There are 2 protein chains.
Amino acid sequence: MSAQDELPLALRAAYLTLHRLSDARFAEFGVTADQFVLLATLARGQALTQRELAVRMTSDPSTVRAMLVLLEKSQLVKRDTHPTDARARTVCLTAAGRRVFQQLWKAGDSLRASMIQSLQPGEAELLVDFLRRLSSSLNSERLTEDPPTINTAVEVRT
Amino acid sequence: MSAQDELPLALRAAYLTLHRLSDARFAEFGVTADQFVLLATLARGQALTQRELAVRMTSDPSTVRAMLVLLEKSQLVKRDTHPTDARARTVCLTAAGRRVFQQLWKAGDSLRASMIQSLQPGEAELLVDFLRRLSSSLNSERLTEDPPTINTAVEVRT
DNA sequence: TATTGTTATACTCTATAACTATA
DNA sequence: TATAGTTATAGAGTATAACAATA
């Protein structure tokens, strides 16, 4: 088993473990791990459109919409019409949303700390860098999915 | 933004990107990314019990069961009673399951390659190592969740 | 024409709790 | 008593396609 073969499963195992523990931590606030990510994304980039939110969360507009409906119901988020684009809606945290987010951030503290403690100084930065490179490499894979493979060589040769 | 704060989101982005691309690759075979993981787990450890399967997949017995029901319906997997423990059931790939798995593995080839190509020689091994350490650190976090904090010191002091 | 968002719909994964059968 | 698995149930995220309104 080479690193190439193990990497996907190792990535999956690490993420799912984090995801489950996060869910457990946030449960008492009635918020899921994914909803936390949405709140965190809003917390650092106010007044995003739903589309922009989906991109930043590595998610899908219709998924984001479903999540927003739930979060609006629990009053953590509100949506307004976009100031210049009447099609779009901007999303932002409510006062309660900001307050809950701070509590959630604190509740997740020991998880983030536990992740860091498993690494040597400097390794966390390296790990983040690896993950970023990996994501963007995969993303460009998506763009070049099935190129029609035009055989230009033949034409050149004539 | 420190590495500690960014690590969870970077991990999530990398995993979700991989997960979506995998789903897209496997769709033509009627298999999801998670089902692929189950098949892969069976492929390298035949005749596992459902419980063991759940552990190795970083999943849940009832989730695994739901997946097995689907995979049994598409004839990729079969379940037999355990030879020595009548409560348990062993799961293994059918002949069709092994055949499809090989095709899936090939279909995922370029994704794995793309991940590796984004890294320098040796970095893949390092990344896998980081992810493993991170998982086990988080797992031990789970065990020590809310210890009742028994104050034995008082008793010792008397 | 292209884009933003909504709606409807369906599927998969997830997880808890109560249950049966067996160890 | 503890464990393996099943069942019922519920909820959350995911994704596609058709649609309306707007750019």
Side-chain angles (χ1 to χ4, degrees), chain A residues 12 15-27 29-39 41 47-55 57-74 76-77 79-91 142, chain B residues 12-13 15-39 41 47-55 57-74 76-77 79-91 142:
Chain A
R12 179 179 188 271
Y15 170 70
L16 288 180
T17 303
L18 171 64
H19 191 261
R20 290 218 174 77
L21 285 170
S22 301
D23 263 339
R25 291 296 169 93
F26 300 148
F29 302 96
V31 171
T32 68
D34 288 308
Q35 289 172 354
F36 169 78
V37 172
L38 194 157
L39 296 175
T41 307
L48 300 171
T49 64
Q50 298 186 189
R51 175 162 297 273
E52 185 57 28
L53 200 45
V55 171
M57 288 179 63
T58 320
S59 188
D60 181 278
S62 85
T63 301
V64 165
R65 191 233 171 213
M67 295 175 72
L68 288 175
V69 169
L70 292 173
L71 287 170
E72 245 179 350
K73 211 177 296 176
S74 44
L76 300 181
V77 144
R79 289 185 285 176
D80 301 299
T81 56
H82 193 281
T84 64
D85 187 341
R87 295 170 306 178
R89 304 178 71 170
T90 61
V91 188
R142 186 173 49 76
Chain B
R12 180 180 187 271
Y15 170 72
L16 288 180
T17 303
L18 171 64
H19 190 262
R20 290 217 174 78
L21 286 171
S22 301
D23 263 339
R25 291 297 168 93
F26 300 148
E28 63 170 306
F29 303 96
V31 171
T32 67
D34 288 309
Q35 290 172 353
F36 169 77
V37 172
L38 194 157
L39 296 177
T41 307
L48 299 172
T49 64
Q50 297 185 190
R51 175 161 297 273
E52 185 57 28
L53 200 45
V55 171
M57 288 178 65
T58 320
S59 188
D60 181 278
S62 86
T63 302
V64 166
R65 191 234 170 212
M67 296 176 72
L68 287 176
V69 169
L70 292 172
L71 288 170
E72 246 179 348
K73 210 178 297 178
S74 42
L76 300 181
V77 144
R79 290 185 284 177
D80 301 297
T81 56
H82 193 280
T84 63
D85 187 340
R87 296 171 307 180
R89 303 179 71 171
T90 61
V91 188
R142 186 173 49 75

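Naming: A, B, ... by sequence-line order, numbering from 1 per chain. Given the structure is predicted, the values throughout are model-derived calculations rather than measurements.
- Taking 4.5 Å as the limit, some side-chain heavy atom of A:Val31 sits within range of a side-chain heavy atom of A:Leu76.
- For DNA chain D, the stems formed by at least three consecutive Watson-Crick or G-U pairs, with both atom-pair distances below 3.5 Å, span C:1-23 with D:1-23.
- In terms of heavy atoms, A:Pro61 sits closest to A:Arg51 at CG-NH2, 4.3 Å.
- When rounded to the nearest whole Å, the span between CG of A:Leu38 and P of D:dA12 equals 14 Å.
- Rounded to an integer number of Å, the gap from CG of B:Leu48 to P of D:dA4 is 14 Å.
- For C:dT6, one of the phosphate oxygens OP1 or OP2 lies less than 4.0 angstrom from a side-chain nitrogen or oxygen of A:Arg89.
- B:Ala88 and B:Thr49 get closest at one heavy-atom pair: CB-CG2, 4.2 Å.
- For the pair A:Arg12/B:Asp34, a side-chain contact is recorded, criterion being any heavy-atom separation below 4.5 Å from C-beta on.
- Note: CD (A:Gln50) to P (D:dT14) measures 15 Å, nearest angstrom.
- Per the geometry, NE2 belonging to A:His82 stands 16 Å off P belonging to C:dT3, to the nearest Å.
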Summarise how protein sits on nucleotides 13-23 of chain C as a single string, 5' to 3': B when a protein heavy atom is under 4.0 Å from the base, S for sugar-phosphate-only contact, - for no contact.
-> SBBB----BBS
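- If you take CZ of A:Arg65 and P of D:dA18, they are 18 Å apart, rounded to a whole angstrom.
- Summarising the geometry, atom CG belonging to B:Leu18 is positioned 12.0 Å from atom OH belonging to A:Tyr15; distances are rounded to the nearest 0.5 Å.
- For the residue pair B:Ala33 and B:Asp23, the shortest heavy atom distance occurs at N-OD1, 2.7 Å.
- Between C:dT3 and A:Arg51, no contact under 4.0 Å exists linking OP1 or OP2 to a side-chain N or O.
- Smallest separation of non-hydrogen atoms from A:Pro83 and A:Thr90: CD-CG2, 4.2 Å.
- Distance, B:Arg79 CZ to D:dT6 C1': 9 Å, rounded to whole Å.
- Looking only at side-chain heavy atoms (C-beta outward), A:Arg65 and A:Arg79 come within less than 4.5 Å of each other.
- Residues passing the side chain to side chain contact (heavy atoms under 4.5 Å, CB included) test with B:Thr41, sequence neighbours excluded: B:Val37, B:Leu48, B:Leu53, B:Arg56, B:Met57.
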